[in-house]
Structures are given as C-alpha cells and as structure tokens.
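This report refers to the structure that appears directly beneath it.
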Amino acid sequence: MNRYLVLVMRRPHYDPAMVQPHKDFLEGLRAGGKIELSGPFSDKSGGAYLLFAESFAEALTIAHSDPTHISGGWDITVYEWQAR
C-alpha cells in the first residue's frame with residue numbers, strides 16, 4: 001500500500017455547503033482504513049489528507065470522488081508521498 005498526499009485548495013467560488021459532505025467523505029475513508037491523517041490549513045485556504053491506495057490511479061479515483069472535487073469549488077492535487 002502506498003501513501004498519497006492529497007491537497008484540497010479552495011477556489012474563489014467554492015461552495016461552503018460542500019464542507020460537511022467533504023468531512024463526511026473523509027470520515028468514510030477513515031472508517032475504511034484509507035486515511036492516516038487529515039485536516040484544514042490554519043489560513044482556511046484548504047487542507048490535506050494522507051491517503052492509502054494501491055496505485056496512483058486508485059488514489060486519483062478516490063480523490064476525484066471527494067465532494068469538493070465534484071462541486072468544482074476546490075483544486076485537488078495528488079502526490080505519491082514517500083514519507084518516513
């Protein structure tokens with residue numbers, strides 16, 4: 001299992017109503033053992049989560065299922081992260 005850092009950055013036109021569905025999405029991933037860490041940035045520009053996936057393609061599929069991505073109000077960037 002590989003680790004992927006997912007950055008979720010707000011666009012100027014983001015919908016605040018998507019914040020709770022995003023949190024619910026993350027809790028579902030956490031319950032399934034797919035997330036190690038998650039949280040917002042203190043400047044409220046967005047946040048990040050550390051995702052477990054078998055491949056980059058799987059990580060992208062998961063990240064693109066995030067309500068923030070689906071709504072179009074956030075930029076989602078996924079990096080394979082070889083943290084130690």
Side-chain angles (χ1 to χ4, degrees):
M1 193 73 69
N2 299 314
R3 288 182 175 147
Y4 297 89
L5 180 63
V6 181
L7 297 179
V8 182
M9 303 303 295
R10 290 180 176 173
R11 292 180 178 169
H13 65 279
Y14 83 97
D15 181 358
M18 289 292 104
V19 172
Q20 189 58 51
H22 167 68
K23 288 179 179 180
D24 296 342
F25 171 78
L26 293 178
E27 283 308 310
L29 290 175
R30 188 178 317 282
K34 294 297 246 179
I35 283 187
E36 184 172 346
L37 299 167
S38 65
F41 299 135
S42 61
D43 67 357
K44 302 202 185 301
S45 62
Y49 51 97
L50 186 54
L51 178 66
F52 295 115
E54 292 294 330
S55 66
F56 186 76
E58 180 188 9
L60 275 179
T61 297
I62 293 169
H64 288 169
S65 299
D66 188 326
T68 60
H69 176 75
I70 294 168
S71 74
W74 282 259
D75 289 318
I76 304 280
T77 309
V78 180
Y79 299 95
E80 185 171 359
W81 196 22
Q82 298 174 350
R84 304 205 190 283

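- Applying the side chain to side chain donor-acceptor pair (under 3.5 Å) criterion to Thr61, with sequence neighbours excluded, gives no partner residue.
- Within the structure, the salt bridge (Lys or Arg N to Asp or Glu O under 4.0 Å) test picks out the following pairs touching residues 52-64 (sequence neighbours left out): Lys34-Glu58.
- Hydrophobic clustering keeps Ile62 apart from Leu5 (ILVMFWY residues linked when any side-chain heavy atoms are closer than 4.5 Å, directly or through intermediates).
- Legend: salt bridge (Lys or Arg N to Asp or Glu O under 4.0 Å) pairs involving residues 43-52, not counting sequence neighbours: none detected.
- Counting only residues at least two apart or in different chains, salt bridge (Lys or Arg N to Asp or Glu O under 4.0 Å) contacts with residues 66-84 comprise Arg11-Asp75.
- The CG atom of Leu29 sits 6.5 Å away from atom CG of Leu51, with the distance rounded to the nearest 0.5 Å.
- The side-chain contact (heavy atoms from CB on, under 4.5 Å) search around Pro21 returns Met18, Pro67, not counting sequence neighbours.
- Pairs engaging residues 6-63 under the ring pair (Phe, Tyr, Trp, His ring centres under 6.0 Å) rule: Tyr14-Trp74 [sequence neighbours left out].
- Looking at Ile35 and Leu26, their side chains come closer than 4.5 Å, going by heavy atoms from C-beta outward.
- Applying the side chain to side chain donor-acceptor pair (under 3.5 Å) test to Arg30 and every residue at least two apart in sequence or in another chain returns Glu27, Ser38.
- The side chain to side chain donor-acceptor pair (under 3.5 Å) check on Gln82 picks up nothing, with sequence neighbours excluded.
- Partners of His69 by ring-ring contact (aromatic ring centres under 6.0 Å, His included), not counting sequence neighbours, listed by chain and number: His64.
- Contact annotation: the side chain of Tyr79 never approaches that of Val6 to less than 4.5 Å [non-hydrogen atoms, C-beta and beyond].
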